[in-house]
Protein chains: 2
Amino acid sequence: MGRRRQSVTIKHVAADAGVSLQTVSRVINKEPNVRPAMKERVQASIDKLGYVPSIAAQRMSGSRSYLILAINDRDLTIADWRAREGRDWVDQMLLGGMLTCAKHGYRMLIELVDTHNDHVERELGAAIAALQPDGVILTPPHSENPLITGLLADRGIPFARIGSTHSGPGIAMTMGDTYNSRIATEHLLDLGHCRIGFIAGPKEFSLSDWRIAGWKEAMFAAKLDTDGLCERGDFGFDSGLVAARKLLDQPSPPTAIIASSDQMTFAVLQVARERGLKVPEDLSVISFDNSPIVRFTEPPLTAVDQPIAATASRAVELLIAARDEGIPDEPVRVRGELVVRGSTGPVPVRDGD
Amino acid sequence: MGRRRQSVTIKHVAADAGVSLQTVSRVINKEPNVRPAMKERVQASIDKLGYVPSIAAQRMSGSRSYLILAINDRDLTIADWRAREGRDWVDQMLLGGMLTCAKHGYRMLIELVDTHNDHVERELGAAIAALQPDGVILTPPHSENPLITGLLADRGIPFARIGSTHSGPGIAMTMGDTYNSRIATEHLLDLGHCRIGFIAGPKEFSLSDWRIAGWKEAMFAAKLDTDGLCERGDFGFDSGLVAARKLLDQPSPPTAIIASSDQMTFAVLQVARERGLKVPEDLSVISFDNSPIVRFTEPPLTAVDQPIAATASRAVELLIAARDEGIPDEPVRVRGELVVRGSTGPVPVRDGD
DNA sequence: TTGAAAGCGCTAACAC
DNA sequence: GTGTTAGCGCTTTCAA
């Protein structure tokens with residue numbers, strides 16, 4: 001195989017343009033203090049020779065690595081991939097992240113890290129040491145893992161915490177969970193629903209409670225009661241079954257249910273089917289996530305779309321800008337939207353009312 | 001921000017262990033000619049200090065970059081991501097590729113390249129120059145683009161051509177299209193079907209014809225006629241409609257149809273619905289791809305599963321091994337399998353027969 | 001505004 | 001078996 005060397009290096013360009021390496025470097029990095037004529041001459045050589053700087057060399061000499069690391073939970077991600085149930089969280093991150101990276105000459109690299117592991121630090125530390133990324137994007141549940149945020153802060157690497165509003169190091173970002181939950185609730189209120197149940201996610205995720213807050217906000221604004229209308233699940237199907245049954249077993253059951261994940265919403269659908277409740281005639285249902293499959297259920301689900309791509313894109317921009325401009329000290333909010341499909345309808349008229 | 005330096009370098013380890021840099025390097029790279037006791041001492045220092053080599057530095061010194069580049073078609077990939085229709089081609093590549101990379105201390109990086117572009121070479125050349133990957137995975141339609149394969153061959157970078165059996169540079173790999181198509185056909189033959197239609201992909205993809213070949217093999221083996229039973233589409237829904245109508249408009253229409261993509265299969269389903277044909281009672285249908293959504297149609301589709309993860313994983317292994325062992329000169333086949341669901345059934349008994 | 005020198009962290013080549 | 005030297009391609013000093 002033989003050792004591979006860069007075919008065109010900064011030296012070739014310098015020789016071709018008849019200038020020093022330094023001048024070429026200045027042109028590459030768009031530094032000031034280069035006479036336009038000089039700049040043009042160097043650029044011409046660059047184009048002629050098809051020169052592209054080696055990021056390894058750039059990184060070596062203490063400059064940027066042009067790498068952004070997107071950290072995802074290993075087990076969750078692999079489980080999703082293997083399940084092949086159409087969840088496209090990773091794809092949406094790539095869509096938003098990669099394209100924005102490309103715009104700035106950066107690359108995005110996905111790294112799977114096991115949160116529930118004693119060696120989180122070792123794992124992440126190794127990735128950092130090996131890759132020397134210029135920025136890191138953390139997704140839940142990593143975003144609020146102090147071992148991880150601490151490590152990154154120590155190393156002085158800019159990072160974004162998606163799904164976290166804590167103050168502290170890094171860029172706090174949310175996908176507008178409170179807002180999203182509120183507009184979902186308002187959609188149901190507009191349809192005349194008064195008893196709106198909510199199936200929340202687990203406490204470990206901050207966003208679980210933000211979503212509850214959005215729902216309560218809307219309910220309180222409409223002067224409606226929320227007692228007994230909130231159950232918790234773990235985002236999974238089975239937990240959704242339990243929660244849905246609890247909600248619908250009440251003497252005065254909800255006429256609409258918002259569930260904090262697609263899987264839990266599927267569970268609501270199943271429980272409704274078991275009890276002969278038609279969706280949306282007897283029960284309206286709204287899902288969170290809006291992953292591809294929600295269009296293939298019967299009926300297709302009205303769902304809160306998580307703006308994953310937009311958030312990843314914004315994160316990349318902020319991370320790249322962090323070098324020169326620092327990071328915002330307020331949480332950055334990227335709002336989602338409600339996609340109305342067939343699972344929500346007017347409140348049913350109750351027999352005997 | 002200040003320039004970030006590696007916190008623990010090979011020097012620290014060398015100093016801690018009281019040996020030369022070279023010895024540490026030898027231990028890292030598992031080279032022979034290091035006395036076990038020495039090796040142990042060095043390893044102890046590595047562990048103690050939590051040392052991880054910088055891949056930038058490794059790459060700089062003419063060694064490996066520990067990077068594998070997976071090239072995908074830009075437009076197709078972005079369109080899939082935006083459409084959010086659950087196609088998980090990229091995820092499956094990551095699943096197979098990333099995990100196998102990780103096993104060997106490599107990383108996989110996705111790069112989007114526009115095939116139908118004059119600057120393919122410039123685009124890919126830039127990625128190569130910037131990243132200096134140790135290997136490249138090409139997917140259709142890049143796999144058979146001579147501009148791309150030529151460039152890679154020139155640069156001496158090992159690469160895998162998925163979906164290509166051409167001889168020539170690089171590792172030719174297939175996902176067993178002929179075989180897959182044959183077993184799909186045989187499944188239908190076992191169910192008693194004799195008139196089995198086939199909707200192929202476009203000529204630009206070699207695999208289109210391999211699939212036709214597999215279907216014909218099975219049909220010929222069963223001494224059945226294939227005349228007028230093969231139409232071509234472009235993998236898209238609309239082309240599937242046209243093809244399905246042509247097939248079903250015949251005086252003696254097929255009782256089963258195999259379509260070369262999920263979208264074209266959906267089209268078959270729709271045409272069947274239009275004509276009041278029940279699936280699978282009146283018409284059996286088999287899809288290629290087995291992307292997540294095929295489980296959500298009515299009925300769920302019997303489908304040929306493309307072993308994307310397994311192929312990516314194998315590609316990574318071969319690419320990493322290429323450095324020391326060279327590449328296989330025969331095409332590497334990774335076989336898919338037929339996933340039987342609800343869209344295939346016994347041949348219908350025709351009225352009046 | 002430009003250039004020269006030093007060094008980033010590591011490995012290949014060679015010496016011992 | 002182990003150490004020494006030189007150099008990868010680039011950017012950061014600093015000098016002119």
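So that the names make sense, note that chain A is the first sequence line, chain B the second, and so on, each numbered from 1.
Distance, B/Leu49 CG to C/dG9 P: 14 Å, rounded to whole Å. Look at CD on A/Glu31: it is 8 Å from C1' on D/dT11, rounded to the nearest Å.
Regarding contacts with the backbone of D/dC8, every side-chain N or O of A/Ser54 stays at 4.0 angstrom or more from both OP1 and OP2. Between B/Tyr51 and C/dC10 there is a side-chain N or O to OP1 or OP2 distance below 4.0 Å. Considering only side-chain N and O atoms, B/Gln58 lies nowhere under 4.0 angstrom from the phosphate OP1 or OP2 of C/dC10. Proximity of B/Ser20 to the phosphate of D/dG3: a side-chain N or O atom is located under 4.0 Å from OP1 or OP2. When the side-chain nitrogen and oxygen atoms of A/Ser25 are compared with OP1 and OP2 of D/dT11, one or more of them lie within a distance under 4.0 Å. In this structure, B/Asn29 reaches the C/dT11 phosphate: one of its side-chain N or O atoms is under 4.0 Å from OP1 or OP2.
Listed for the B/Gln92 side chain is a donor-acceptor partner under 3.5 Å among the backbone atoms of A/Trp81. No side-chain donor-acceptor contact under 3.5 Å links B/Thr115 to the backbone of B/Asp73. Put simply, the side chain of B/Arg333 never gets that close to the backbone of B/Thr174: no donor and acceptor are under 3.5 Å apart. Side-chain atoms of A/Arg161 come within 3.5 Å of backbone atoms of A/Pro169 as a donor-acceptor pair (strictly under, hydrogens ignored). With hydrogens and angles ignored, the 3.5 Å screen pairs a side-chain donor or acceptor of B/Ser61 with a backbone N or O of B/Ala57. Checked by atom type and distance alone, the side chain of B/Thr23 never pairs as donor or acceptor with a backbone atom of B/Val19 at under 3.5 Å. B/Asn29 places a side-chain N or O within 3.5 Å of a backbone atom of B/Ser25 that can act as its donor or acceptor partner.
You'll find that the side chain of B/Ser61 is closest to C/dG9, out of C/dG9, D/dC10, C/dT1.
Comparing B/Val34 and A/Ser7 against DNA chain D, the residue whose closest nucleotide sits nearer the 5' end is B/Val34. Comparing A/Met38 and B/Arg26 against DNA chain C, the residue whose closest nucleotide sits nearer the 5' end is A/Met38.
With the end axes of the helix from C/dT1-D/dA16 to C/dC16-D/dG1 each set by five pairs, the angle from one to the other reads 30° at 10° resolution.
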